[in-house]
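The next block holds one structure in the form of structure tokens; read it before the comments.
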Amino acid sequence: MNFNGIDIDSIVPENELEEEIIADIKAGKTKEVITRCPPEPSGYWHIAHAKAWSIDFDTAIKFGGKTYLRMDDTNPIKEEGEFADSYMEDLAWLGYKPEKLIYASEAYFDDIYKIAEQMIMDGKAYVCQLTAEEVSATRGTLTEAGKESPYRNRTPEENLKLFRAMRDGEFEDGKATLRAKIDMAHPNINMRDPVMYRVLRAHHYKLGDKWCIYPMYDFAHPMEDALEGVTYSLCSMEFRDHRPLYDWFIENGWKKPYAPKQREFSRLTIENVLIGKRYLKQLVNEGYVNGWDDPRYPTLIGVRRRGYTAKAIKDFVKSVGWGNVLEVTVPYSALEYYVREDLNKIATRAMVVLDPLKVVITNYEGKEEIEIDNNPNNENAGKHKALFSKEIFIEKEDFSLNPPPKYNRLVEGGIVRLKGAYVIKCNKVVFAENGEIDHLECEYIPNTKSGNDTSGIKCKGTIHFVSAKNCFEVTIREFKPLIKAEYKNPAKALSEGVQIKEILEENSLVERKALAENFLKDAKVQDKFQFMRKGYYCVDKDSAEDNLVFNNTISLKDSFKVQK
RNA sequence: AGGGGUGUCGCCAAGCGGUAAGGCACAAGACUUUGACUCUUGCAUUCGUAGGUUCAAAUCCUGCCACCCCUGCCA
């Protein structure tokens with residue numbers, strides 16, 4: 001069966017929603033799959049959002065449909081205008097293209113208002129003048145029914161007059177609401193005459209002071225979905241209890257045969273990661289991090305700057321799936337797996353020595369070119385040139401005076417291969433006056449040149465190096481998790497009263513210098529490299545012409561364990 | 001007179017009456033001019049629990065138990 005260019009019969013449903021969509025399509029109930037991505041413009045997006053948006057977009061894409069990016073801006077107190085651009089950018093980075101950018105306030109407030117008036121005339125809504133405290137006190141409890149508002153039985157004419165008075169500014173903030181007339185004894189508390197409109201005099205970033213009444217989410221959202229033609233309105237699990245209300249508004253407000261459906265998926269959280277706009281905002285404001293795009297942040301602009309790829313993020317959130325509980329928590333390693341997997345395929349290999357130890361090749365003069373594969377797993381990536389010469393630098397940790405068992409690197413009197421160059425033998429350790437190693441004196445073995453080795457020598461280890469004549473200094477930024485390891489659920493700890501300062505790891509950002517091969521001089525911001533045997537690095541935007549700054553995106557896995 | 005949701009390996013997660021997929025993590029080994037990658041192998045006699053129905057139950061029924069969400073004029 002062909003449906004909007006998609007062969008429905010070939011689709012393998014990956015969750016219950018998709019099964020339902022297929023059934024709807026086959027039953028002729030759904031003509032097009034239209035979803036919406038409805039951020040409240042009050043903060044930058046983070047990885048958990050990416051999970052939601054990937055569900056919104058990928059579901060539509062799978063069925064040849066489309067997705068609207070809709071600013072859910074019904075609360076002027078919390079929203080600001082600056083975010084729409086960042087959302088478009090994040091979406092583009094993830095590879096998603098919304099059908100259209102819509103500001104709910106601008107596009108739908110007039111229609112929503114009209115629907116409210118109609119509901120009043122239908123006897124489905126009434127103006128209530130109870131105070132917020134009184135509404136709360138009469139709502140009942142989890143086990144007891146609520147009490148009906150004394151204003152509940154006004155006539156539609158009275159209600160309409162009062163509602164227009166609300167709109168016209170004749171009520172002070174908080175002095176009146178429009179409420180849906182449902183059932184104060186309903187076991188689902190959301191159905192106990194929920195507020196549809198409140199009086200609120202706040203400057204709206206988009207509409208200014210045009211309105212002094214604003215619709216509540218529960219009313220506005222289904223109306224926006226319906227007005228827009230959305231067929232599947234996907235949100236997170238905590239709205240499950242709101243679904244009957246959503247359907248009630250569709251039935252009593254929208255009143256047309258076509259109806260959008262709300263369906264719910266699990267929210268994503270990651271162990272040891274602080275997610276949640278209000279906390280992220282606090283850390284930025286209090287100067288604990290360097291802005292919303294700090295590489296230690298789980299924001300999309302943060303992980304992008306750190307060097308994570310869009311593919312890694314998408315693969316990761318997809319691996320978590322739809323979910324059927326409120327919140328699904330996965331360990332950070334689950335994310336890291338996808339970051340390494342993608343970077344391994346695309347990152348260019350380079351040699352960088354983070355902690356240099358000088359080595360002098362006593363039996364070598366001059367210099368010669370060597371070649372390094374840009375990516376040994378990908379022949380098409382090509383090679384680049386590096387240099388071997390008399391004076392080189394190796395990693396301090398690649399030489400040991402007291403090697404642990406199974407240490408494959410350089411030891412006194414031992415041999416090791418220099419990546420892409422020769423096998424060398426350490427003849428002498430030269431100490432400085434302070435007792436530290438000053439440098440190593442080694443000899444190279446001539447017929448062991450990489451790719452042309454006729455020596456037959458078996459070498460256990462290969463280490464990376466840079467040549468003194470072919471390196472320059474760069475800045476490296478290394479990150480530890482922002483949150484101390486013992487706080488697996490930092491948001492919960494904060495909600496339980498732990499101070500934010502207490503959960504923050506100290507020195508989660510460390511800056512150091514390193515020696516990079518000259519090949520890296522041309523690196524541009526966002527270029528991604530694998531510093532061989534160390535990790536993946538990405539050029540940071542703080543780089544200057546004479547100072548390249550690399551963010552350590554993630555380390556390489558290291559299965560070498562020092563035995564006891 | 002509470003309502004809604006969930007319980008399958010440390011973590012995610014398939015499973016929809018026919019005898020427990022897969023991924024992450026972990027462990028062992030092979031390969032390796034990155035101790036990376038890759039590759040092999042191992043990792044739930046059992047599905048919250050107690051009964052019942054059936055030739056056959058994670059799947060159906062009943063009773064318990066545990067956890068999560070809901071009492072904003074936030075979204």
Side-chain angles (χ1 to χ4, degrees), chain A residues 14 19 38-40 42 72-75 77-79 128 130-133 135-146 173-179 185-192 194-200 213-214 216-218 220-221 235-244 264 266 268 271 316 319-331 333-338 340-341 344-345 349 351 372-373 375-377 406-409 416-423 448 450-451 453 459-464 530-536 555-561:
Chain A
E14 280 167 53
E19 287 175 13
E40 178 188 31
S42 61
D72 220 351
D73 51 1
T74 55
N75 185 350
I77 292 170
K78 285 167 69 182
E79 293 137 14
C128 178
L130 254 22
T131 64
E133 294 70 35
V135 169
S136 175
T138 53
R139 184 158 15 238
T141 67
L142 295 178
T143 52
E144 296 164 278
D173 286 12
K175 294 293 186 192
T177 58
L178 182 70
R179 291 228 259 164
H186 199 107
N188 181 339
I189 291 176
N190 294 301
M191 301 295 272
R192 318 240 261 231
V195 172
M196 294 165 64
Y197 265 96
R198 75 279 215 188
V199 179
L200 196 58
I213 58 172
Y214 288 89
M216 299 286 289
Y217 167 87
D218 278 323
H221 208 85
C235 58
S236 46
M237 218 58 213
E238 71 264 33
F239 291 102
R240 187 62 245 260
D241 289 344
H242 296 239
R243 192 148 114 192
E264 310 83 12
S266 292
L268 168 67
E271 273 178 17
F316 166 63
S319 77
V320 175
W322 177 269
N324 56 12
V325 291
L326 212 220
E327 193 167 87
V328 51
T329 305
V330 299
S333 59
L335 201 205
E336 291 187 308
Y337 171 81
Y338 292 98
R340 289 198 182 94
E341 180 185 62
N344 180 234
K345 289 187 189 128
R349 313 291 131 125
M351 295 206 280
I372 300 295
D373 284 332
N375 188 333
N377 303 133
K406 300 204 174 162
Y407 185 80
N408 291 344
R409 290 108 103 152
V416 77
R417 171 171 290 283
L418 295 174
K419 176 75 187 173
Y422 296 92
V423 172
T448 58
S450 187
D453 188 337
C459 206
K460 278 186 300 178
T462 300
I463 63 174
H464 60 102
Q530 184 200 89
F531 292 176
M532 271 188 281
R533 304 207 307 129
K534 301 310 290 184
Y536 295 100
S555 66
L556 245 34
K557 282 182 119 187
D558 182 6
S559 63
F560 175 62
K561 295 178 190 67

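These figures come from a predicted structure and were not determined experimentally. All chains are named by letter (A, B, ...) in the order of the sequence lines, taking the proteins before the strands, and each is independently numbered beginning at 1.
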Could you run through nucleotides 66-75 of chain B and give me one letter per nucleotide, 5' to 3': B if any protein heavy atom sits under 4.0 Å from the base, S if only the sugar-phosphate is that close, - if neither?
--SBBBSBBB
Base-pairing assignment for B:G72 (Watson-Crick or G-U wobble, both under 3.5 Å):
none
Taking the side chain as every heavy atom from C-beta outward, state whether A:Phe316 and A:Tyr337 have any atom pair closer than 4.5 Å.
no
Distance check needed: B:C12 C1' versus A:Glu14 CD, whole Å only.
15 Å
Atom CD of A:Glu19 and atom P of B:A14: how far apart are they, to the nearest Å?
10 Å
Based on the glycosidic angle (syn within 90° of 0, else anti), state the conformation of B:G72.
syn
Give me the atom names and distance for the closest heavy-atom approach of A:Val199 to A:Ala176.
CG2-O, 3.5 Å
For nucleotides B:A21 and B:C55, find the distance between their C1' atoms and express it as a whole number of Å.
26 Å
Not counting sequence neighbours, which residues clear salt bridge (Lys or Arg N to Asp or Glu O under 4.0 Å) with A:Glu144? List them please.
none
NE2/A:His242 to CG/A:Asn190 distance, rounded to the nearest 0.5 angstrom?
4.0 Å
According to a strict under-4.0 Å criterion, is A:Asn324 in side-chain N/O contact with OP1 or OP2 of B:A13?
no
Of all residues at least two apart in sequence or in a different chain, which pass the salt bridge (Lys or Arg N to Asp or Glu O under 4.0 Å) check with A:Arg417?
A:Asp453
A:His221 meets the ring-ring contact (aromatic ring centres under 6.0 Å, His included) criterion, sequence neighbours left out, with A:Tyr217
Is B:G18 paired to anything, Watson-Crick or G-U wobble with both distances less than 3.5 Å, and if yes, which nucleotide?
B:C55
Would you mind building the protein contact string for nucleotides 28-43 of chain B? One character per nucleotide, 5' to 3', B for base within reach (heavy atoms under 4.0 Å), S for sugar-phosphate only, - for untouched.
-----BBBBB------
Is there a side-chain contact between A:Thr138 and A:Arg192, using heavy atoms and a 4.5 Å cut-off?
no
Closest approach of A:Glu79 and A:Asp72, non-hydrogen atoms and distance?
OE2-O, 3.5 Å
Once you apply a heavy-atom cut-off of 4.0 Å, does A:Ala145 come out as touching a base, just sugar-phosphate, or nothing?
base
Pairing partner of B:A25 (Watson-Crick or G-U wobble, both distances under 3.5 Å)
none
Nucleotide paired to B:A66 in any strand shown, Watson-Crick or G-U, under 3.5 Å
B:U6
For B:A1, the Watson-Crick or wobble partner whose two distances fall under 3.5 Å:
none
B:U34 pairs with, by Watson-Crick or G-U criteria that keep both distances under 3.5 Å:
none
Is B:C47 paired to anything, Watson-Crick or G-U wobble with both distances less than 3.5 Å, and if yes, which nucleotide?
none
Partner residues of A:Glu40 under the salt bridge (Lys or Arg N to Asp or Glu O under 4.0 Å) criterion, sequence neighbours left out:
A:Lys78
